[in-house]
Q: 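Take a look at the following structure, please.
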There are 2 protein chains.
Amino acid sequence: MSRGSSADDNAGRSAGEGALPRRATISDVAREAGTGKTSISRYLNGELSALSPDLRARIEAAIERLDYRPNQMARGLKRGRNRLLGLLLADLTNPYSVEVLQGVEAACHALGYMPLICHAANEIDMERRYLQLLTTYRVEGVIVNALGVPEPMLKPLASGGIPAVLVDRTVDGLDADMVGLDNAAAARLGVEHLLAHGYDDLVFVVQPFEHVSSRREREAAFRACAHGKQGARDVRAATHVLDLREDASVDASLAALDVYIADAARRGARCALFAANAPVALRLALHLKARFGAQWQQHAALIAIDDPEWAELAGITTIRQPTREIGYRAVEFLHERIEGAVLATRAAAFPGELIVRASTPG
Amino acid sequence: MSRGSSADDNAGRSAGEGALPRRATISDVAREAGTGKTSISRYLNGELSALSPDLRARIEAAIERLDYRPNQMARGLKRGRNRLLGLLLADLTNPYSVEVLQGVEAACHALGYMPLICHAANEIDMERRYLQLLTTYRVEGVIVNALGVPEPMLKPLASGGIPAVLVDRTVDGLDADMVGLDNAAAARLGVEHLLAHGYDDLVFVVQPFEHVSSRREREAAFRACAHGKQGARDVRAATHVLDLREDASVDASLAALDVYIADAARRGARCALFAANAPVALRLALHLKARFGAQWQQHAALIAIDDPEWAELAGITTIRQPTREIGYRAVEFLHERIEGAVLATRAAAFPGELIVRASTPG
DNA sequence: CTGTTAGCGCTTTCAC
DNA sequence: GTGAAAGCGCTAACAG
């Protein structure tokens with residue numbers, strides 16, 4: 001069964017310099033161990049009970065000798081499942097994404113999946129391209145933090161296609177599980193904090209929000225809450241759009257913002273800026289610092305949803321999202337569906353946590 | 001050959017609601033188009049010249065009708081190459097990693113690869129596990145930003161194994177291409193900047209550096225440069241280790257650092273802290289702010305290698321790495337080796353760029 | 001307990 | 001031009 005000199009045909013090819021040593025296959029191992037592929041397969045899949053101690057030892061030795069590694073591609077092909085999950089992130093540059101990612105990784109680790117991380121980098125073409133790719137690689141499920149732009153490519157997911165769960169934002173026409181922040185509650189938390197600290201001039205600053213559900217919800221809740229709470233006081237609430245994609249637009253928008261601040265100042269009051277997320281908050285802080293210097297906090301208050309690492313350093317009051325949990329839960333949702341659960345689409349909305357810092361002095 | 005009722009065996013198992021409609025295979029398409037699998041394959045691979053216009057049209061229609069997507073796993077298995085590259089990152093929490101990642105993605109896009117992103121999260125087990133995984137998925141090459149801890153699992157890469165290129169740091173005993181910052185030049189740039197601005201008390205603050213080549217090189221260059229440059233002046237240079245992994249150790253280390261600052265102050269001078277990277281810089285800035293308040297810059301100068309997004313906001317002088325280029329070049333190196341190039345291992349060291357801000361007033 | 005036999009979905013000779 | 005057949009590396013019935 002085993003040809004005399006078998007040990008060396010391996011040495012011969014991998015020895016030299018940069019030659020490609022063609023990895024050992026299951027057949028090689030079988031031959032080396034003097035048995036059939038089936039037994040090797042059994043060994044690999046932990047069906048040890050069905051192997052005589054002797055055979056088992058020989059297999060172990062052969063694997064070791066050949067430095068054998070089962071080919072996952074082949075396995076997946078045969079089994080029809082590859083334990084791959086797709087994670088499509090709109091923008092890894094946003095710490096939020098990285099944190100969600102960590103939660104996803106933890107859950108994948110726990111549940112035995114391998115996440116395929118894809119980064120759309122805010123480009124719709126990339127989003128489309130990766131979605132394609134994930135499909136052709138036959139991932140068993142996808143976690144999508146979409147750009148928000150209407151994207152027909154996404155449709156096939158929920159319907160006929162792969163199980164999917166949305167993170168942070170919904171996608172028009174896609175009926176899938178969803179997990180993210182309780183946006184309304186978070187916005188309320190922020191507004192109430194500002195109101196309690198005596199601010200009467202509130203400006204909600206947000207990126208274009210028509211297509212991004214989380215932004216839309218935050219903005220709506222801000223308005224509802226700021227107006228509703230007026231009570232005896234004379235509260236002015238406004239929404240201001242800041243499109244970070246184009247520098248020119250940013251400058252103009254920032255200049256317009258200054259008007260609110262100046263108006264409030266004229267009235268002897270301090271304006272409170274409510275940033276819808278970290279990227280906006282950074283841009284705002286940068287602007288305020290450039291305009292008013294290191295003491296900008298005396299000219300305008302700032303609060304933001306999201307809690308990036310620099311918030312502490314800059315002393316900015318924030319509403320932190322339980323990002324890790326969000327990622328973790330997304331995988332759990334997906335897992336259930338992959339395992340065949342048939343239930344109505346669910347939504348998990350986690351509460352945010354207010355972290356008070358120097359930017360909203362009372 | 002084909003059993004009469006074939007259309008419904010699909011409906012049978014997945015009928016319910018959100019069940020899986022088993023994706024169409026190449027055979028399905030062939031049948032639908034009334035031809036053989038070979039032609040479909042040819043079509044998929046762009047061998048259009050070998051197809052009659054008629055057949056071609058039928059294939060196009062069939063693919064469309066069945067929403068067919070070729071299975072990459074199967075393709076890869078058959079071809080022996082899957083266009084997958086592994087990217088193993090020590091810590092995605094570090095903006096540096098995300099930026100390198102972006103360069104890698106751009107290059108992959110340009111060269112037709114799909115990056116498998118793996119995040120070790122500073123855990124050696126994770127690093128090992130992902131390395132295993134990448135191997136079993138038969139990626140064609142790996143880009144490794146290693147933890148630095150000696151890791152035998154890495155060995156198989158360069159030798160018999162998969163082509164690899166190291167990013168930012170070397171790995172003991174692994175002879176592979178390497179791309180990163182010109183650490184010596186960067187450290188020199190920083191020291192010279194400080195010296196030119198009149199600082200005579202320099203402290204280089206770095207995480208444990210025995211196992212991380214980039215830290216080692218920066219530290220060595222700092223010492224060489226700071227000492228060498230003394231000239232007529234009386235320059236004091238010291239290296240201080242800050243281990244960010246344990247809070248207790250951080251506190252103690254930070255307290256010790258205060259001594260340097262106090263000493264310099266007693267002499268009527270201001271101490272200059274040189275952070276070896278962004279995480280250290282953040283910790284330092286946080287500490288200084290806690291200790292001296294918003295005006296901390298008057299008590300100690302701070303400069304750092306790396307240029308995170310908050311550096312501008314905090315007004316910290318930095319030495320920026322061309323991160324995108326680093327990632328891009330890594331892929332190019334890998335690509336050449338994958339294509340079969342046999343050359344001595346190379347190293348690309350990119351220069352850093354000094355960005356002067358308020359933290360190092362002259 | 002162990003091996004033989006079919007394929008998974010695709011590419012690729014090699015004939016027609 | 002086009003298709004039939006033989007696998008890529010692995011698993012999963014079936015026999016012994």
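Every value quoted in this text rests on a predicted model; they were computed, and no experiment measured them. Hydrogens, waters and symmetry mates are skipped; everything else that's a heavy atom, side chains included, is used. Just so it is clear: chains get the letters A, B, ... in the order the sequence lines come, proteins before strands, and each one is counted from 1.
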Q: Which residues pass the side-chain contact (heavy atoms from CB on, under 4.5 Å) test with B:R81, sequence neighbours left out?
A: B:R79, B:R83, B:E140, B:I338, B:E339
Q: Sugar-phosphate atoms are those with a prime plus P, OP1 and OP2; base atoms are the rest. Using that split, label each nucleotide of nucleotides 9-16 of chain D B, S or - for protein heavy atoms under 4.0 Å, 5' to 3'.
A: BBBBBB--
Q: Can you tell me if B:D172 has over 12 outside heavy atoms packed within less than 6.0 Å of its CG?
A: no
Q: Judged by atom type as modelled, is there a donor-acceptor pair below 3.5 Å linking the side chain of A:N82 to the main-chain atoms of A:Y137?
A: yes
Q: With sequence neighbours excluded, what pairs up with B:Y113 under the ring pair (Phe, Tyr, Trp, His ring centres under 6.0 Å) test?
A: B:H335
Q: Looking at A:D177 and A:R346, would you say the former's side chain and the latter's main chain have a donor-acceptor pair under 3.5 Å?
A: yes
Q: Of all of residues 51-59 of chain A, which get a heavy atom below 4.0 angstrom from DNA chain C, listed by number?
A: A:L51, A:S52, A:L55
Q: In degrees, rounded to 10°, what is the bend between the two ends of the helix from C:dC1-D:dG16 to C:dC16-D:dG1, using five pairs at each?
A: 40°
Q: Which residue pairs satisfy the side chain to side chain donor-acceptor pair (under 3.5 Å) criterion with at least one member in residues 51-61 of chain A, sequence neighbours excluded?
A: A:Y43-A:E60, A:D54-A:R58
Q: In chain order, what residues pass the side-chain hydrogen bond (donor to acceptor under 3.5 Å, both in side chains) check against A:Q72, with sequence neighbours excluded?
A: none
Q: Can you list every pair that meets salt bridge (Lys or Arg N to Asp or Glu O under 4.0 Å) and has a residue in residues 102-125 of chain B, with sequence neighbours left out?
A: B:D125-B:R128
Q: Please identify each residue that fulfils side-chain contact (heavy atoms from CB on, under 4.5 Å) with A:A348, with sequence neighbours left out.
A: A:V179, A:R329, A:F333, A:F350
Q: Do B:N145 side-chain atoms and B:V167 backbone N/O form a donor-acceptor pair below 3.5 Å?
A: yes
Q: Can you sort out the partners of A:A146 under side-chain contact (heavy atoms from CB on, under 4.5 Å), two or more places apart, ordered by chain and number?
A: A:E127, A:V144, A:L154, A:V171
Q: On DNA chain C, reading 5' to 3', which nucleotide is the first and which the last to sit with an atom under 4.0 Å from a heavy atom of chain A, could you check?
A: C:dC1 to C:dG9
Q: How would you list, by chain and number, every residue that makes a side-chain contact (heavy atoms from CB on, under 4.5 Å) with B:D67, sequence neighbours excluded?
A: B:R23, B:R69
